[in-house]
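Structure first, commentary second.
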Amino acid sequence: MGTDVQSFAVANLRRRPATVEVGGFVAEFDPGTTSPYINYATPLPGARPTARDVMELIGAFRVRGLKPRLEFAPDAAPDVEPALREAGFGVEATHAYLVCTPERLAVPRGTAAVPVAVPATDEDYRAIDAALSEAFASEFAASEEGAARLRRVQEDGGAVRFVRAPDGGCAGGAICSAPAVGTAELAGVGTRPAFRGRGVAAAVTAALTETMFARGARSVWLEYSGEGSRRVYERVGFEPRGARLYMSLES
């Protein structure tokens with residue numbers, strides 16, 4: 001599955017508007033933000049980068065004033081991590097990922113009572129962006145650009161789903177990229193603290209996964225950040241399959 005996930009990572013970056021390919025790597029540089037979570041690179045499956053390849057990649061980041069950063073499944077390109085370490089890159093994190101296939105998808109008990117909505121207005125997208133910012137402890141700030149990115153996901157073949165709060169805003173939500181190479185990535189599952197423990201994360205995860213299967217994806221994968229979230233995803237039908245590595249180069 002690591003090769004499928006890595007092939008997806010490459011295909012997903014290639015369809016973004018500001019992609020650069022250099023030395024066996026694909027990088028996305030979004031002029032609307034300096035966020036390292038948006039501006040990053042990933043290697044082609046099986047890449048065997050030379051020192052020169054890595055230096056060219058670093059240069060592509062530096063000329064734009066960005067921190068060189070990569071996300072990838074190391075088992076799909078085992079020569080990449082040693083080459084990056086040799087150039088001074090360090091590991092930010094290693095995240096396990098889970099995979100769900102159509103025959104495993106399940107709707108946890110009680111989830112059916114949590115209504116999941118499709119955003120339709122600019123205000124919906126702003127509310128989702130603000131809720132996810134709050135859910136992730138302001139790891140990123142809510143912004144018009146963030147709301148616009150959510151809309152682009154929805155309009156470009158992916159999906160955004162959310163649970164509406166009693167005040168009309170957003171209790172929590174998530175996004176799923178458009179399928180590529182038979183799989184799709186579900187990401188940004190977040191619930192505002194006041195609404196946790198009510199099945200919001202499970203509801204949007206199940207809804208998005210079902211949507212991708214209806215569009216022809218053979219699998220959906222996601223990363224998780226703690227045992228609590230892992231249990232939520234496993235109840236929906238996700239199971240462990242591998243890990244992804246995050247590496248960056250400080251100034």
Side-chain angles (χ1 to χ4, degrees), residues 1-30 34-64 66-101 153 157-158 175-188 212 217-225 230 233 238-251:
M1 189 68 195
T3 300
D4 290 345
V5 167
Q6 190 55 36
S7 295
F8 170 85
V10 169
N12 192 44
L13 286 188
R14 279 177 169 166
R15 63 191 176 194
R16 294 183 183 177
T19 299
V20 173
E21 299 199 27
V22 55
F25 299 94
V26 179
E28 161 68 1
F29 300 119
D30 187 331
T34 59
S35 170
Y37 305 109
I38 303 296
N39 296 280
Y40 66 91
T42 199
L44 301 177
R48 303 181 65 182
T50 64
R52 181 174 180 177
D53 292 334
V54 176
M55 292 307 298
E56 288 182 0
L57 179 67
I58 293 171
F61 279 88
R62 295 298 195 209
V63 74
R64 294 169 173 82
L66 300 170
K67 178 171 72 172
R69 185 174 180 276
L70 295 94
E71 302 179 4
F72 61 102
D75 58 340
D79 292 326
V80 171
E81 181 182 357
L84 295 177
R85 287 185 180 275
E86 184 67 24
F89 281 77
V91 173
E92 288 183 353
T94 301
H95 291 169
Y97 64 81
L98 310 177
V99 176
C100 184
T101 52
V153 170
I175 64 175
C176 197
S177 59
V181 299
T183 191
E185 181 188 9
L186 199 157
M212 291 300 111
R218 298 187 299 273
S219 65
V220 174
W221 64 277
L222 56 78
E223 298 179 12
Y224 69 95
S225 58
R230 172 174 172 160
Y233 303 137
F238 285 79
E239 60 182 346
R241 288 290 183 87
R244 295 231 305 160
L245 190 61
Y246 292 71
M247 300 185 70
S248 62
L249 180 66
E250 300 298 335
S251 300

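The residues of the chain are indexed from 1 along the displayed sequence.
Side-chain polar atoms of Y97 and R244 form no donor-acceptor pair below 3.5 angstrom. At a cut-off of 3.5 Å, with distance as the only test, no side-chain donor of S7 or D4 sits close to an acceptor on the other residue. A donor-acceptor pair shorter than 3.5 Å cannot be found between the side chains of T101 and S219.
Evaluation of the ring pair (Phe, Tyr, Trp, His ring centres under 6.0 Å) rule for F72 yields no partner, not counting sequence neighbours. In terms of the salt bridge (charged side-chain N to carboxylate O under 4.0 Å, His left out) criterion, residue partners of R85 (sequence neighbours excluded) are, by chain and number, E81. When the ring pair (Phe, Tyr, Trp, His ring centres under 6.0 Å) test is applied to Y246, the partners found at least two apart in sequence or on another chain are H95. Legend: residues meeting salt bridge (charged side-chain N to carboxylate O under 4.0 Å, His left out) with E92, ordered by chain and number and at least two apart, are K67, R69. V22 pairs by the side chain to side chain contact (heavy atoms under 4.5 Å, CB included) definition with E56, L57, not counting sequence neighbours. In this structure F61 satisfies the ring pair (Phe, Tyr, Trp, His ring centres under 6.0 Å) test together with F29, sequence neighbours excluded.
Formation of a donor-acceptor pair under 3.5 Å by the R64 side chain with backbone atoms of D30 is not found in this model. Proximity of a side-chain donor or acceptor of T94 to a complementary backbone N or O of L245 within less than 3.5 Å is not detected.
Put simply, the side chain of V220 does not reach to within 4.5 Å of the side chain of V99, judged on heavy atoms. Side-chain contact between E21 and R14: present, with at least one pair of heavy atoms (C-beta onward) separated by less than 4.5 Å.
How far OG of S248 is from CG of L84: 10.0 Å, rounded to the nearest 0.5 Å. Atoms CD1 and CD, on I175 and E185 in that order, are 8.0 Å from each other to the nearest 0.5 Å. If you take CG on L70 and CE on M247, they are separated by 8.0 Å, rounding to the nearest 0.5 Å.
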For this session: Please step through side chain to side chain contact (heavy atoms under 4.5 Å, CB included) for the pair V5 and T183, ending with a clear verdict.
Result: CA-CA 8 Å; V5 167; T183 191; 5.8 Å; no
Problem set entry | Working for side chain to side chain contact (heavy atoms under 4.5 Å, CB included), residues S177 and F8 | CA-CA 10 Å; S177 59; F8 170 85; 2.9 Å; yes
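The two atoms that bring R218 and V181 nearest to each other are NH2-O, 3.6 Å, heavy atoms only. Annotation for A77 and P43: closest pair CB-CG, 4.2 Å, computed over non-hydrogen atoms. Between V10 and P45 the shortest heavy-atom distance is CG2-CD, 4.0 Å.
Within a 6.0 Å sphere centred on CZ of R62, other residues, nucleotides and ligands contribute more than 12 heavy atoms.
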